Amino acid sequence: MLLNLHIKNMALIDEIDINFADNLNILTGETGAGKSIVIDSIMLALGGKTPKDFVRKDAEYGLVELLFSIEDQDTIDKLKELEVTDIDNGEVILSRKIIGNRSVSKINGETVTLSKVREVSSLLLDLHAQHENQSLLIASNHIKLLDRYGHDTVDDLKQKVEFIYKDYLKLKEELEFNSIDEEEKKRQLDLIEYERKEIAEASLRVGEDEELEQQYQLAVHSKQIAESLSASHQYVENTAYDAVDRAVREMLSVAEYDAELSSMADTLATISDLMSDFVRTARDYLDENTFSEEEFRQIEDRLNTINHLKAKYGKTIAEVLAYRENLDLRYDKLIHQDLYREEIKKQLADSESKLEKASRELSDERKRIAKELSENITNALIDLNFLDVRFDMVFEKMDHYTANGYDHAYFIISTNVGEEMKPLWQVASGGELSRIMLAMKSCLADADRIETLIFDEIDVGISGRTAQMVAEKISKIGKNHQVICITHLPQIASMANHHYLIEKKVMNGKTVTQIDSLNEEQQIQEIARLIGGVRITDTVLESAREMKELAGKAKVD
């Protein structure tokens, strides 16, 4: 459940906090008061795009925070799978801060990507924006809604189909790749022979390039190394060693008088030994590490050969050698092309048989779920004043497979007696789309186990008796879910368990948006405004009071 919405420095909003409650939360206000700012801010926190110039011009940054309380253990487990931390107390905070052209999203204080925010928010909240009704006019979205409704049984079947499809597609590509004519076959064999020979003649050894690179660096800097080491050797042997040796003798002459003096003498003796080791090691290094011009050229030529092969066949020697092994396999496949193609065809036929079976199982389950979903949506539509509605889903088998099976499915509807059922995009008006989407949302919310639903003007294009039935439906949804609804209809507003008024005011010389929770009498005043507009008479007030009372009785019923 969404407990709190905090918005700071967004558009007309200076800073507001809204504490939402369970059941039905209604937001109303005059046109232009800032209702869209609230929705845009929530969408922003959920990972949506940042509207242009959304942050207040006089502010350094804009901030939106959503505080959720999670009680459903299944949702908590899924959040943990998404690596959301610190949710043992059942709280999740989504925040997004806009600074200039940058934004920072956080979940429980941890900075995350927008894709992660969208994954997490999909488990917590379902927001219906005004444009979403239009998604019903796109046929490809219908099967997504169906799969979402039946995810408990469909997801595993979809994963199975996807797994088999990947194998099927790989075999198809392999068969196509190995279906070449004799001329192309000869060209490829010649190229393979050349590349195999080039790699084989190099006699590569894993790790050789690293050893050669080290030797190359030594050779390149050999003169500098010899000069520096020789000078160091002379300094120590001719100057430092004698000085330390004299210091040792001096300390040994007094060491017997004090333990600390003896320790200091031992330290100097150790230094003298180390210097002797250095002089000997430096002499040996200078004698042993000499590079001739010929050795340098050999190292350079070998490195050039290796780097040339790495540039052509792989970033490392190991990759070049692996490429050589693949060449051998490819050569063998080409030499025995006909036999190999027959083997692939057998594997492809087996894979296609498995894919057909898995796709059929998925399709059968979808059809079973579609029947259940269609019945539920039909009942929900009847509740929304589609009295003679018929609603169903059509399945057509595509002529090819996909990772999502072979179903092309879409919803069909008839809203009047005697009318044939047609696809949604052919018959539904704007107001009808709103009600159809509301019906679907009511069915999907239970299947998704999403606790919070937000409706932004779901009531567009409806009025009268239909508006009353939509209000009752939203109220009914609010019994099992937290519903936050922005509306301009008094019928819906009267159903509120909690009512918030969004107002635009001038404070300290600037226009700001405020949101206030209304008590019962204030709710009646706001419902009267929605009924009567500018002039609120006693009759309008009485109508608002009666509407609120009737709504209370409807909620009990």
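All values reported here derive from a predicted model rather than from experimental measurement.
- For the pair Arg366/Ile143, a side-chain contact is recorded, criterion being any heavy-atom separation below 4.5 Å from C-beta on.
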Q) Yes or no on side chain to side chain contact (heavy atoms under 4.5 Å, CB included) for Ile450 and Leu123, after CA distance, side-chain angles and deciding distance? A) CA-CA 6 Å; Ile450 291 177; Leu123 300 173; over 6 Å; no
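- Once rounded to the nearest 0.5 Å, the distance linking CG of Asp407 with CG of Asp364 reads 9.0 Å.
- Taking every heavy atom of both residues into account, Ser414 and Met421 meet most closely at CB-CG, 3.8 Å.
- For the pair Ser351 (side chain) and Gln347 (backbone), a donor-acceptor distance under 3.5 Å is absent.
- With Phe68 as the fixed residue, the side-chain contact (heavy atoms from CB on, under 4.5 Å) test singles out one of Asn4, Leu125, Leu79: Leu125.
- Using modelled atom types, one side-chain atom of Ser122 and one backbone atom of Glu119 make a donor-acceptor pair closer than 3.5 Å.
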Show which side-chain atoms of residues 90-100 pair as donor or acceptor with protein atoms under 3.5 Å away, not counting sequence neighbours.
unit_1, atom_1, unit_2, atom_2, d
Arg96, NE, Ser103, OG, 3.3
Arg96, NH1, Leu44, O, 3.0
Arg96, NH1, Gly48, O, 2.5
Arg96, NH2, Ser103, OG, 3.3

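- Listed by first and then second residue, the side chain to side chain donor-acceptor pair (under 3.5 Å) pairs that reach into residues 311-320 are Glu198-Lys312, Glu198-Tyr313, sequence neighbours excluded.
- Closest approach of Ala403 and Val161 over heavy atoms only: O-CG1, 3.7 Å.
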Q: Show the numbers, then the answer: is there a salt bridge (Lys or Arg N to Asp or Glu O under 4.0 Å) between Lys186 and Asp190?
A: CA-CA 6 Å; Lys186 183 179 182 305; Asp190 289 344; 3.1 Å; yes
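- A salt bridge links Arg297 to Glu300: at least one charged side-chain nitrogen sits closer than 4.0 Å to a carboxylate oxygen.
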Q) So Glu342 and Lys345, salt bridge (Lys or Arg N to Asp or Glu O under 4.0 Å) or not? Walk me through it. A) CA-CA 5 Å; Glu342 287 304 314; Lys345 286 180 179 179; 3.7 Å; yes
Q: Walk me through it: do His400 and Tyr406 pass the test side chain to side chain contact (heavy atoms under 4.5 Å, CB included)?
A: CA-CA 7 Å; His400 62 279; Tyr406 56 49; over 6 Å; no
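- Side-chain atoms of Ile37 and Phe54, non-hydrogen and from C-beta on, do get closer than 4.5 Å to each other.
- With Asn307 contributing its side chain and Leu303 its backbone, the two residues share a donor-acceptor pair below 3.5 Å.
- For the pair Asp328 and Arg196, the salt-bridge criterion is met [side-chain N within less than 4.0 Å of a carboxylate O].
- A salt bridge links Glu361 with Lys160: at least one charged nitrogen is closer than 4.0 Å to a carboxylate oxygen.
- The two residues Ile412 and Pro423 come nearest to each other via the heavy atoms CG2-N, 3.9 Å.
- Tested against Arg302, the residues Glu208, Glu211, Glu213 include a single salt bridge (charged side-chain N to carboxylate O under 4.0 Å, His left out) partner, Glu208.
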Q: With side chain to side chain contact (heavy atoms under 4.5 Å, CB included) as the test, would you mind laying out the steps for Tyr61 and Val55 before giving the verdict?
A: CA-CA 7 Å; Tyr61 65 89; Val55 177; 5.7 Å; no
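- Looking at Thr85 and Asn108, their side chains never bring a donor and an acceptor atom within 3.5 Å of each other.
- Thr111 OG1 to Lys116 NZ: the interatomic distance, rounded to the nearest 0.5 Å, is 11.0 Å.
- With salt bridges taken as basic N to acidic carboxylate O contacts below 4.0 Å, one links Arg368 and Glu365.
- Contact of the His128 side chain with the Asp126 side chain is not registered, since no non-hydrogen atoms from C-beta on lie closer than 4.5 Å.
- Two residues are said to be in side-chain contact when any heavy atoms from C-beta on lie closer than 4.5 Å; Glu325 and Leu321 fail this criterion.
- When all heavy atoms of Val84 and Ile107 are compared, the pair lying nearest together is CG1-CG2, 3.8 Å.
- Counting heavy-atom neighbours within 6.0 Å of Glu71 CD, excluding the residue itself, gives a total of 12 or less.
- Side chain of Ser363 to main chain of Ser359: no donor-acceptor pair is present (N/O by atom type, distance under 3.5 Å, no hydrogens or angles).
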Q: Start with the C-alpha gap between Phe411 and Phe391, add the side-chain angles, then the distance that decides, and say whether ring-ring contact (aromatic ring centres under 6.0 Å, His included) holds.
A: CA-CA 7 Å; Phe411 295 119; Phe391 191 90; 5.2 Å; yes
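- When all heavy atoms of Gly109 and Lys106 are compared, the pair lying nearest together is O-CD, 3.7 Å.
- Screening His481, Lys476, Lys473, Met437 for a side-chain contact (heavy atoms from CB on, under 4.5 Å) involving Ser442 leaves a single residue, Lys473.
- Counting heavy-atom neighbours within 6.0 Å of Lys354 NZ, excluding the residue itself, gives a total of 12 or less.
- Taking CD of Glu343 as the start and CG of Leu171 as the end, the distance is 10.0 Å to the nearest 0.5 Å.
- Between Leu46 and Arg118 the shortest side-chain heavy-atom distance does not fall below 4.5 Å.
- One distance of note links CG of Asn141 with CG of Leu146; it measures 12.5 Å at 0.5 Å rounding.
- The distance from atom CD1 of Ile199 to atom CD1 of Ile317, rounded to the nearest 0.5 Å, is 11.5 Å.
- Thr281 places a side-chain N or O within donor-acceptor distance of the main-chain N or O of Asp277, the cut-off being under 3.5 Å.
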Q.
Before you tell me yes or no, could you show the steps for Leu381 and Ile413 under side chain to side chain contact (heavy atoms under 4.5 Å, CB included), namely the whole-Å CA-CA distance, both residues' side-chain angles and the distance that decides it to 0.1 Å?
A. CA-CA 11 Å; Leu381 288 172; Ile413 190 172; 4.2 Å; yes
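- Look at Asp350 and Lys346 and you find no salt bridge, because none of the NZ, NE, NH1 or NH2 atoms lies under 4.0 Å from a carboxylate O.
- Counting heavy atoms from C-beta outward, Val64 and Ile42 have side chains that stay 4.5 Å or more apart.
- For Ser69 against Glu451, the heavy-atom pair with the smallest separation is O-OE1, 4.2 Å.
- Separation of atoms CE (Met393) and NZ (Lys367) is listed at 11.5 Å; rounding is to 0.5 Å.
- Contact of the Arg435 side chain with the Phe386 side chain is registered, since non-hydrogen atoms from C-beta on lie closer than 4.5 Å.
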Q. Please walk me through it: do Tyr149 and His151 pass ring-ring contact (aromatic ring centres under 6.0 Å, His included)?
A. CA-CA 6 Å; Tyr149 178 78; His151 64 86; 8.8 Å; no
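- Residues Glu356 and Arg360 are in side-chain contact: their nearest non-hydrogen atoms beyond the backbone lie under 4.5 Å apart.
- Between Asn416 and Glu419, the side chains place a donor N or O and an acceptor N or O closer than 3.5 Å (distance only, hydrogens not considered).
- Between Gln73 and Asp77, the side chains place a donor N or O and an acceptor N or O closer than 3.5 Å (distance only, hydrogens not considered).
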